[in-house]
Peer 1: 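Handing you this structure, nothing more for now.
Remember, it's 1-based here, ligands and their atoms both numbered in the order they're listed.
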Amino acid sequence: MPPALLIVILVLLAVLGGCAWPAARLLRQARSDRRYRAAGAARELAWEQLTRSLHVQTLVLANSGLGIAHIRERRIQWANPRWAEIFGVRPEQLAGASMAPFHQDAAAFEAFGRTGYATIEREGRFSGEIRFRRADGSPFWGFLIGSQLVSGKPEEGAIWCLEDVTAKVEAQQELDDALRLNQRLIAASPTGIALYRAADGACLLANEAAAKAVGGRVEDLLRQNFRRIPSWVGCGLLDQAEAALATGAEQVLETTLTTGFGVTRTLACTFVPFESRAERVLLLMMSDVTERTLATAGLRESQERYRAVVEALNEGLLIVGPDQRYDYCNSRLAAMLGYSVEELLGQYRTFIVAEEDLGVLEARRASRLPGAAESYELRLKRKDGKTLEALMSVAPIQDARGRFVASPVLVTDISVRKQSERERDQLMMELEQKNKELETLVYVASHDLRSPLVNIQGFSQRLGRSLDEVERQMESCGSIEDLRIAAQPLLRERMPAALEYIRASGVKMDAIINGLLRLSRAGRMLLHSEALDMNRVLEASAAAMAFQLQEAEGTLELDDLPPCQADPAQTAQVFSNLLDNAIKYRRPDQPLRIRVSGRLQGALAVYSVEDNGIGINLEHRARIFDIFQRLDPQGPTRGEGLGLTLVRRMVERNGGRIWVESAEGPGSRFCVELPAV
Ligand code: ADP
């Protein structure tokens with residue numbers, strides 16, 4: 001109730017209380033009072049004043065913003081227009097009307113009888129908010145002030161002033177509802193809430209969750225002053241609280257502290273400063289995150305342990321995520337491939353796979369059952385471009401619905417193993433080849449040595465028989481002259497001829513044994529492999545052959561040759577031998593042309609020595625590299641059939657191979673493949 005309204009009402013009641021009521025009756029009585037009229041000028045003046053005062057009262061009553069009524073025995077005696085307006089009726093309908101219809105119902109009317117009317121009869125005054133009903137049935141809240149018309153005479157009824165306060169009451173009720181809801185929310189909130197007054201630090205409000213978070217009771221918290229909580233000092237809470245008040249900005253802090261109630265907790269705190277009823281207050285919201293922090297720390301610790309194990313692995317570890325990119329890789333894998341871990345993370349899943357094996361990888365993925373683990377060999381590409389051979393052990397992880405989650409891959413470097421496997425295979429191949437060669441050698445040697453040996457045996461026997469015959473002739477011949485004549489054919493023809501055959505066979509056997517020795521030496525000679533400038537090697541060989549070439553009226557064309565990795569002496573011998581053969585096996589009917597060319601093919605340098613000589617028939621090609629094999633032993637060209645055997649052995653010892661591409665007629669092309677530099 002505003003004080004101004006109260007004053008108006010009291011003045012009005014005083015005026016009304018001091019005069020007879022109603023004013024019209026009073027005026028009529030005054031005019032008829034003869035004695036009063038005869039009182040002279042002074043009384044005339046008083047009469048004037050009274051008349052004016054009554055006019056004022058009538059005006060006030062008619063125009064007042066308050067509803068004013070005289071009610072006696074719960075019936076309206078008189079009411080001003082505002083009263084009629086508030087209840088939604090015409091003023092003339094009110095005179096003598098009962099107040100009953102204006103209450104909510106009969107019960108409410110009776111209840112007001114026990115409170116409002118009874119109080120005014122007993123105490124002379126009443127005030128309060130009452131729920132009324134307008135004539136159209138709509139409810140409203142009215143603020144009523146009532147006072148006995150004539151003090152101490154309740155039978156005279158009371159003057160009532162009424163104000164429609166529906167809007168105010170409803171707003172207040174809404175506010176009360178909101179406040180109640182707020183209080184309930186604060187009480188039930190799982191977040192600890194405490195409110196402190198900035199001025200003196202006193203705790204104004206605290207909920208159960210706040211008490212629980214610090215291990216105390218709500219009453220304990222309400223007795224606290226945040227500036228005097230010792231545990232707030234060291235952990236930063238006090239600093240943050242003051243900072244929030246000083247800056248007016250929210251402050252957030254997660255801290256571990258031992259509270260004054262003896263518990264150690266990790267609390268996530270937010271300080272929010274604000275103003276309430278012209279007072280600065282500080283709201284603290286806190287959540288107990290001790291368990292979460294411990295769990296996080298535990299998780300971190302177990303992750304650290306796991307990471308340490310993974311990092312200590314001698315194997316590379318890679319995890320491909322659902323986006324098909326590297327989610328994780330250990331430093332061992334990065335080191336194996338020459339990258340940093342950061343360079344690998346986030347790369348697409350095929351980033352480290354060598355191009356030549358991309359097909360292998362995709363085929364593997366396509367054939368693998370979802371979620372099935374498997375291992376396979378794959379070539380990987382190092383940062384420096386080199387290839388790393390690896391064993392990939394893949395164990396895809398799926399979720400409960402069978403969707404791909406991640407694919408951990410254990411990467412084992414098997415380069416060394418693969419290299420030794422290759423070396424072993426190479427050695428096995430060489431061994432097999434050598435065995436074959438040895439077999440051929442034994443066969444050829446025994447075969448080729450047999451004919452001179454048979455010759456030697458045959459002619460030795462023949463020599464022996466000739467000697468026997470000479471001896472018999474010595475016994476039978478009478479004179480030296482007879483003996484000379486008889487032995488002459490033996491001594492001059494048969495025996496020297498036999499001896500010549502024996503000598504020639506010996507020479508043949510010597511040549512064969514020498515050839516075998518050379519071959520064996522070529523196989524045992526120490527190798528000094530180095531990067532060779534093949535242009536210089538061929539130029540030197542060509543220079544050494546200049547005379548034969550001139551004799552043969554031949555031309556030698558040397559292309560630009562790529563370098564290779566081989567033993568210089570053996571390589572020079574290989575090409576000298578091939579050039580020598582090209583000159584030897586030329587066609588007599590046309591000028592000799594030799595061309596040496598070369599090209600790089602991957603990790604190999606391939607050279608060819610081409611001539612326009614007699615060529616080699618297809619069926620003889622394999623044979624020419626066998627020991628002592630000559631295609632035309634009776635032909636005009638001399639040779640042992642050992643040159644190409646030696647050439648092949650030397651080329652193979654240098655990690656290469658030799659073959660011939662030729663057909664009889666258009667010449668031959670010998671190809672030599674050696675490791676490139
Ligand atoms: P040799 O030359 O001592 O006979 P090789 O082992 O060098 O022994 O050659 C074996 C055989 O291969 C030769 O006898 C010859 O028949 C054939 N041959 C080698 N080189 C050529 C060539 N450039 N053109 C034609 N035939 C060749």
Peer 1: Using heavy atoms and a 4.0 Å limit, tell me yes or no: is Gly613 in contact with ligand 1?
Peer 2: no

Peer 1: Mind listing the closest non-hydrogen atom pair of Leu483 and Val470 along with its distance?
Peer 2: CD1-O, 4.2 Å

Peer 1: Answer with side chain, backbone, both or neither: which part of Asp611 has a heavy atom less than 4.0 angstrom from an atom of ligand 1?
Peer 2: side chain

Peer 1: Do the side chains of Glu539 and Arg536 get close enough for a salt bridge, i.e. N-O under 4.0 angstrom?
Peer 2: no

Peer 1: Check Lys584 against ligand 1 and report side chain, backbone, both or neither, counting heavy atoms closer than 4.0 Å.
Peer 2: side chain

Peer 1: Given that the side chain starts at C-beta and the backbone is N, CA, C, O, which of these parts of Ile614 lies under 4.0 Å from ligand 1, counting heavy atoms, or is it both or neither?
Peer 2: side chain

Peer 1: Please determine, by modelled atom types, if Glu423 and Gln419 share a side-chain donor-acceptor pair under 3.5 angstrom.
Peer 2: yes

Peer 1: Could you please spell out the steps behind the side-chain contact (heavy atoms from CB on, under 4.5 Å) verdict for Leu463 and Phe459?
Peer 2: CA-CA 6 Å; Leu463 205 59; Phe459 285 108; over 6 Å; no

Peer 1: Checking Gln426 against Arg424: is there a side-chain donor and acceptor pair closer than 3.5 Å?
Peer 2: no

Peer 1: Can you sort out which atoms of ligand 1 are near Gly639, meaning under 4.0 Å from one of its heavy atoms?
Peer 2: 3 (O)

Peer 1: Can you sort out which atoms of ligand 1 are near Gln629, meaning under 4.0 Å from one of its heavy atoms?
Peer 2: 10 (C), 11 (C)

Peer 1: Taking the minimum heavy-atom distance to atom 4 (O) of ligand 1, which of Arg630, Arg648, Arg638, Arg587 ranks first?
Peer 2: Arg630

Peer 1: Where is the tightest heavy-atom contact between Ile614 and Arg586, given as atom of each residue plus distance?
Peer 2: CG2-O, 3.7 Å

Peer 1: Would you please say whether a donor-acceptor pair under 3.5 Å links the side chains of Ser415 and Glu389?
Peer 2: no

Peer 1: Evaluate side-chain contact (heavy atoms from CB on, under 4.5 Å) for Asn455 paired with Ile502, printing each intermediate quantity in order.
Peer 2: CA-CA 7 Å; Asn455 263 357; Ile502 290 171; over 6 Å; no

Peer 1: Please identify which atoms of ligand 1 are closer than 4.0 Å to at least one heavy atom of Glu640.
Peer 2: 3 (O)

Peer 1: Do ligand 1 and Leu631 have nitrogen or oxygen atoms that lie under 3.5 Å from each other?
Peer 2: yes

Peer 1: List the closest protein heavy-atom neighbour of atom 12 (O) of ligand 1: residue, atom name, distance to the nearest 0.1 Å.
Peer 2: Ile624 CG2, 3.4 Å

Peer 1: Give the single entry among Val609, Thr645, Leu642, Asn581 that approaches atom 19 (C) of ligand 1 most closely by any heavy atom.
Peer 2: Asn581

Peer 1: Please walk me through it: do Arg325 and Val320 pass side-chain contact (heavy atoms from CB on, under 4.5 Å)?
Peer 2: CA-CA 5 Å; Arg325 290 181 181 276; Val320 180; over 6 Å; no

Peer 1: How far is atom 14 (O) of ligand 1 from its nearest protein heavy atom, and which residue and atom is that?
Peer 2: Tyr585 OH, 3.1 Å

Peer 1: Verify the ring-centre separation between Tyr339 and Tyr326: is it less than 6.0 angstrom?
Peer 2: no

Peer 1: Give a yes/no on ligand 1: does His620 have at least one heavy atom closer than 4.0 angstrom to it?
Peer 2: no

Peer 1: Report the part of Leu644 in contact with ligand 1, treating N, CA, C, O as backbone and CB onward as side chain, heavy atoms under 4.0 Å; options are side chain, backbone, both, neither.
Peer 2: both

Peer 1: Under 4.0 Å from a heavy atom of Gly641: give me the atoms of ligand 1 that qualify, with their elements.
Peer 2: 1 (P), 3 (O), 4 (O), 6 (O), 8 (O)

Peer 1: Any atoms of ligand 1 less than 4.0 Å from a non-hydrogen atom of Ile616? List them with their elements.
Peer 2: 25 (C), 26 (N), 27 (C)

